[in-house]
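All remarks here apply to the structure that follows.
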There are 2 protein chains.
Amino acid sequence: MSDENLVCNCKVVHKEIVDKVKSDYPREECVHSLTNLFKVLGDNTRVRIIFALFNSEMCVCDIAELLDMTQSAISHQLRVLRGARIVKYRKEGKSVFYSLDDDHIYDILARGLEHVCHE
Amino acid sequence: MSDENLVCNCKVVHKEIVDKVKSDYPREECVHSLTNLFKVLGDNTRVRIIFALFNSEMCVCDIAELLDMTQSAISHQLRVLRGARIVKYRKEGKSVFYSLDDDHIYDILARGLEHVCHE
DNA sequence: AAATCATATGAATATTTATTCATATATATA
DNA sequence: TATATATATGAATAAATATTCATATGATTT
């Protein structure tokens, strides 16, 4: 029982292709990080929050109002965005104002939006 | 019971900010499409497949071998990538060769990789 | 035609996760 | 100090989904 048969029931893979691709494959650690970034961006509430923050910093309540969702739901998602260092915050009195932490995110979202819609 | 209280238990939101943000918010339909794209990209197996196809078209078996996963798992994920029009395929004999369908995806992934790792 | 091989796919299982609800924390105000 | 307000968070529930397993489909070869 060869190695290949453990995972792939095909007889012969195109070895040259596999080797070539393997030779300049990015580090799995980086691929994994990138996947995690996309995972964070793969939720409609979080993406909506990010687009909201494109224009202005906003407090939690503003965001909840804008997106017509509960404060709790928004707060939970902001926590995820914080964990991914996509947003940062500053406190002012009882309010907490969130804003984008990173220009890269702006670029990625803006470019992505271009891709899916032309605007 | 006002509208705000249905979703947000805060007394007063910053109305000017909410209105301003609302005024040039992208179409929800586009935001939703973008989220769906990120959702597809938010899985490690799929992202690994895409990076594999950066260099060369590959048949299902090649990909399974490269990523050390079962043919079935790869095939299921290729189906998702096909559905998102991220990959296309051509048949040759018994094999099916997959390749990237869209340069935008290349750009988005390459830029994303830059963001998470510097290489 | 029969056998073999490459790929696709339905069903089941297990895991992840988004939201809700209740409540805790922290700040401001009366 | 007591109360009200803004935000955060733990637990529970519901929904989504990645992989496995078994099997179907479709193409090639003998």
Side-chain angles (χ1 to χ4, degrees), chain A residues 2 4-14 17-18 32 35-36 38-49 57-84 87-99, chain B residues 2 4-14 17-18 32 35-36 38-49 57-84 87-99:
Chain A
S2 72
E4 286 92 309
N5 287 336
L6 288 175
V7 295
C8 175
N9 48 7
C10 311
K11 274 302 177 202
V12 169
V13 294
H14 304 80
I17 292 183
V18 173
H32 199 261
T35 300
N36 283 339
F38 287 136
K39 222 171 265 198
V40 172
L41 298 178
D43 174 80
N44 206 46
T45 298
R46 288 193 289 266
V47 171
R48 291 174 82 212
I49 291 174
E57 68 172 8
M58 297 181 86
C59 73
V60 180
C61 189
D62 289 350
I63 301 173
E65 163 77 10
L66 175 72
L67 303 187
D68 193 38
M69 295 182 65
T70 65
Q71 173 269 321
S72 180
I74 298 298
S75 203
H76 275 294
Q77 296 307 333
L78 282 170
R79 181 182 162 86
V80 176
L81 291 171
R82 251 160 37 216
V87 301
K88 62 187 177 196
Y89 63 93
R90 70 179 178 85
K91 298 187 177 185
E92 183 180 308
K94 283 176 289 186
S95 296
V96 178
F97 286 86
Y98 282 85
S99 58
Chain B
S2 72
E4 286 92 309
N5 289 337
L6 288 176
V7 294
C8 175
N9 49 5
C10 311
K11 274 302 176 199
V12 169
V13 292
H14 305 80
I17 292 183
V18 172
H32 198 262
T35 300
N36 283 339
F38 287 136
K39 223 171 265 199
V40 172
L41 298 178
D43 174 79
N44 205 45
T45 297
R46 289 193 289 266
V47 171
R48 291 175 82 213
I49 291 173
E57 69 172 6
M58 297 180 85
C59 72
V60 180
C61 189
D62 289 350
I63 300 172
E65 163 76 10
L66 175 72
L67 303 187
D68 194 37
M69 294 182 65
T70 66
Q71 173 270 322
S72 179
I74 298 298
S75 202
H76 276 293
Q77 295 309 331
L78 283 170
R79 181 182 161 87
V80 176
L81 291 171
R82 252 160 36 216
V87 300
K88 63 187 177 197
Y89 63 93
R90 69 179 181 85
K91 299 188 177 182
E92 184 181 307
K94 283 175 289 185
S95 295
V96 179
F97 285 87
Y98 282 85
S99 57

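Per chain, numbering begins at 1; letters A, B, ... match sequence-line order.
Closest to the side chain of A:S95, from the set C:dA8, D:dT7, C:dT9, is D:dT7. Which of C:dT19, C:dA8, D:dC21 sits closest to the side chain of A:Q77 comes down to C:dT19. Distance from the side chain of A:V96 is smallest for D:dA8 among the nucleotides C:dT27, D:dA8, D:dC21. Side-chain proximity of A:S72 to D:dA8, D:dT19, D:dT9: nearest is D:dT9. Among D:dT7, D:dT20, C:dT27, the nucleotide with an atom closest to any side-chain atom of A:K94 is C:dT27. Nearest to the side-chain atoms of B:A73 among the listed nucleotides D:dT19, C:dT19, C:dT27 stands D:dT19.
Rounded to an integer number of Å, the gap from B:Q71 CD to C:dT9 C1' is 10 Å. In this entry the distance linking CD of A:E57 with C1' of D:dT7 reads 16 Å, nearest Å. Atom CZ of B:F38 is separated from atom C1' of D:dT17 by 20 Å (rounded to the nearest Å). Rounded to an integer number of Å, the gap from A:Y89 OH to C:dA26 C1' is 13 Å. One atom, CZ of B:R46, and another, C1' of D:dA16, lie 12 Å apart when rounded to the nearest Å. Atom pair A:D43:CG and C:dA18:P shows a separation of 5 Å (rounding to whole Å applied). When rounded to the nearest whole Å, the span between NZ of A:K91 and C1' of D:dT5 equals 15 Å. Taking atom CG of A:L78 as the reference point, atom P of D:dA8 lies 7 Å away to the nearest angstrom.
Distances shorter than 4.0 Å separate some side-chain N or O of B:Y98 from OP1 or OP2 on C:dA8. Phosphate contact (OP1/OP2 of C:dT9, side-chain N/O of B:R82, threshold under 4.0 Å): present. Listed pair A:T45 / C:dT19 meets the phosphate criterion, a side-chain N or O lying under 4.0 Å from OP1 or OP2. Between C:dA8 and B:R79, no contact under 4.0 Å exists linking OP1 or OP2 to a side-chain N or O.
Closest of all the heavy-atom pairs between B:Q77 and B:T45 is CG-CG2, 3.8 Å.
Base pairing of D:dT13 is made with C:dA18, judged by Watson-Crick or G-U wobble geometry with both donor-acceptor distances under 3.5 Å.
Side chain of A:D62 to backbone of B:V18: no donor-acceptor contact under 3.5 angstrom is found.
Mapping B:G93 and B:K39 onto DNA chain D by nearest heavy atom places B:K39 at the nucleotide closer to the 5' end.
Evaluation of atom-type donor-acceptor distances gives no pair under 3.5 Å for the side chain of A:H76 against the base of C:dT17. Counting distance only, with no hydrogens placed and no angle test, the side-chain atoms of B:T70 and the base atoms of D:dT19 include no donor-acceptor pair under 3.5 Å.
Separating the NE2 atom in A:H14 from the SG atom in B:C61 is a distance of 8.5 Å, to the nearest 0.5 Å. The CE atom of A:M69 sits 7.5 Å away from atom CD1 of A:I49, with the distance rounded to the nearest 0.5 Å.
For the residue pair A:Y98 and A:R90, no side-chain donor N or O sits within less than 3.5 Å of a side-chain acceptor on the partner.
More than 12 heavy atoms of other shown residues, nucleotides or ligands fall within 6.0 angstrom of atom CZ in A:F97.
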